2 protein chains.
Amino acid sequence: MFKLSKLTDYAVVVLVRLARQDGVQTSPGIAAATFIPEPTVAKVLKTLAGKGLVTSQRGAHGGYRLARPLAAIPVADVIAAIDGPIALTACVEGGSCESERLCPMHGRWDPVNEAIDAALHGITLADMDHAIPRAFREPAFVAHRDESGASAPEAVARL
Amino acid sequence: MFKLSKLTDYAVVVLVRLARQDGVQTSPGIAAATFIPEPTVAKVLKTLAGKGLVTSQRGAHGGYRLARPLAAIPVADVIAAIDGPIALTACVEGGSCESERLCPMHGRWDPVNEAIDAALHGITLADMDHAIPRAFREPAFVAHRDESGASAPEAVARL
DNA sequence: TCAATCAGGACCGCAGCGGTCCGAATGGTT
DNA sequence: AACCATTCGGACCGCTGCGGTCCTGATTGA
């Protein structure tokens with residue numbers, strides 16, 4: 001239904017979490033803080049590192065850190081990193097769908113693509129961070145979550 | 001990869017085709033003209049009729065016709081009709097993901113959703129129609145396609 | 001040398017999509 | 001009244017891709 005993948009959602013949460021504190025952070029640590037399963041966090045982090053959104057440091061006391069501040073990361077970059085290039089139709093992404101000259105669909109979705117691309121580039125992770133109710137960013141919230149216990153894993157994503 | 005369903009692409013093609021000529025048009029007829037498999041055309045038309053984008057007339061000499069002119073149909077409507085409501089994340093669509101008060105993701109994607117929604121409402125099918133190179137709308141093109149023969153069915157979509 | 005951590009795969013279950021088909025309802029036509 | 005063309009509303013199915021897990025290296029600090 002025109003929705004982006006859950007991994008992308010996770011990626012945003014992880015990136016925002018990385019921004020909360022400087023210095024490297026390990027994937028188990030982020031997993032614990034976000035209530036996202038650890039292997040999934042690792043997967044997301046690896047992908048993000050490959051796309052240059054985060055930098056990694058290997059070895060003992062290694063971890064990940066943000067490559068640039070949240071305000072310099074448009075959502076479009078995150079989506080592109082996880083879900084691949086933003087392309088509404090098959091025609092648009094791979095160049096010629098078969099024979100570019102013959103396909104009348106060619107170019108049809110271009111204006112739509114451009115509009116969405118522009119919209120996605122105009123919103124940074126900092127914007128999304130601010131969209132969260134302040135209450136959720138306070139320590140009290142985290143404590144409260146811990147009490148709730150068992151239901152945590154199925155939750156979509158947390159800070 | 002953040003792309004919309006092929007059915008939506010078909011829907012646009014079918015709607016544009018409907019606009020090419022007034023009076024009712026049967027789904028086999030549209031299928032022949034668009035090179036889209038007939039059952040699929042029928043399915044798309046049924047869905048569109050259910051959402052009020054086209055009107056249907058049953059019985060002999062029945063068929064479909066546009067409910068409103070192309071310029072009055074934003075792409076958003078077509079996408080919503082075929083793919084369901086535009087909602088980037090699970091949280092956004094169904095109301096509370098579980099416990100709205102506790103989920104810090106709540107509201108996070110809202111600005112992104114609104115931006116995309118606005119972009120999609122700003123483009124009508126008439127705009128998309130005009131984006132097609134004129135050459136493809138001329139009779140000569142259709143004749144040329146017919147010659148190409150066998151490869152037609154696999155083509156993404158045609159007028 | 002050892003432990004911690006990232007890297008890069010392989011792997012699998014499952015939902016959703018694209019696509020097809022069938023029976024029933026409907027309304028002209030003869 | 002009988003018939004036929006056409007839409008309607010499902011059921012159905014194979015397959016791709018996603019979410020999620022795991023395993024085996026490579027790298028670095030203690």
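Lettering follows sequence order; numbering is per chain, from 1. Here the structure is a predicted model, which means the values were calculated and not measured. Just so you know, these numbers use all the heavy atoms, side chains as well, and skip hydrogens, waters and symmetry mates.
Summarising the geometry, the separation between CZ on B/Phe35 and P on C/dG19 is reported as 16 Å, rounded to the nearest angstrom. For B/Gln25 and D/dA5, the CD to C1' distance is 17 Å, given to the nearest whole Å. Rounded to whole Å, atom P of D/dA26 lies 15 Å from atom NZ of A/Lys46. Between the P atom of D/dG20 and the CD1 atom of A/Ile36 lies a distance of 9 Å, rounded to the nearest Å. Here C/dG16 presents its P atom at 18 Å from CD1 of B/Ile82, a figure rounded to the nearest Å. The distance between atom CG of A/Asp9 and atom P of D/dC18, rounded to the nearest whole Å, is 16 Å. Atom CG in B/Leu45 sits about 8 Å away from atom P in D/dT7, given to the nearest Å. In this structure, B/Glu38 places its CD atom 10 Å from C1' of C/dT20, rounding to the nearest Å.
Judged by closest nucleotide on DNA chain C, A/Ala49 is the one of A/Ala49 and A/Lys43 placed further toward the 5' end.
Nearest heavy atom pair, residue A/Ala31 against residue A/Pro37, reads CB-C, 4.4 Å.
Regarding contacts with the backbone of C/dG19, a side-chain N or O of B/Tyr10 is found under 4.0 angstrom from either OP1 or OP2. Within the 4.0 Å cut-off from OP1 or OP2 of C/dT5, not a single side-chain nitrogen or oxygen of A/Ser27 is found.
In the hydrophobic cluster analysis, where Ile, Leu, Val, Met, Phe, Trp and Tyr join through side-chain heavy atoms closer than 4.5 angstrom, B/Ile30 is grouped apart from B/Val24.
Among the nucleotides C/dA7, C/dC17, D/dT21, the one closest to the side chain of B/Ser5 is C/dC17. Ranking D/dG19, C/dC6, C/dG18 by closeness to the A/Leu7 side chain, first place goes to D/dG19. Considering only side-chain atoms of A/Thr40, the nucleotide from C/dC21, D/dG20, C/dC6 that sits closest is D/dG20.
The base of C/dG18 is not paired with the side chain of B/Lys6 by any donor and acceptor separated by under 3.5 Å.
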In residues 58-71 of chain A, what donor-acceptor pairs under 3.5 Å come from side-chain atoms, sequence neighbours left out?
from, atom 1, to, atom 2, distance (Å)
A/Arg68, NH1, A/Ala72, O, 2.9
A/Arg68, NH1, A/Asp77, OD2, 3.4
A/Arg68, NH2, A/Asp77, OD2, 3.4

Counting only pairs under 3.5 Å, give me each side-chain donor-acceptor contact of residues 118-126 of chain A, with atom names and distances, residues two or more places apart or in other chains.
from, atom 1, to, atom 2, distance (Å)
A/His121, ND1, A/Asp117, O, 3.0
A/Thr124, OG1, A/Ala126, N, 3.2
A/Thr124, OG1, A/Asp127, N, 3.3
A/Thr124, OG1, A/Asp127, OD2, 3.4

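Note that CD1 of B/Ile116 and CH2 of B/Trp109 are 8.5 Å apart. Values are rounded to the nearest 0.5 Å.
A/Arg17 places a side-chain heavy atom less than 4.5 Å from the side chain of A/Gln25. By the 4.5 Å heavy-atom criterion applied to side chains, A/Val16 and A/Met128 are not counted as neighbours. Looking at A/Ile36 and A/Lys6, their side chains never come closer than 4.5 Å, going by heavy atoms from C-beta outward.
Annotation: side-chain contact (heavy atoms from CB on, under 4.5 Å) contacts of A/Ala81 (sequence neighbours excluded): A/Leu48, A/Lys51, A/Leu53. Considering only residues two or more places apart in sequence or on other chains, A/Pro28 meets the side-chain contact (heavy atoms from CB on, under 4.5 Å) condition with A/Thr26, A/Glu38.
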Polar atoms only, N or O, under 3.5 Å: list the protein pairs with nucleotides 24-29 of chain C and their distances.
from, atom 1, to, atom 2, distance (Å)
C/dA25, N3, B/Arg58, NH2, 2.9

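Of all the residues in residues 62-70 of chain A, A/Gly62, A/Gly63, A/Tyr64 reach under 4.0 Å from DNA chain C with at least one non-hydrogen atom.
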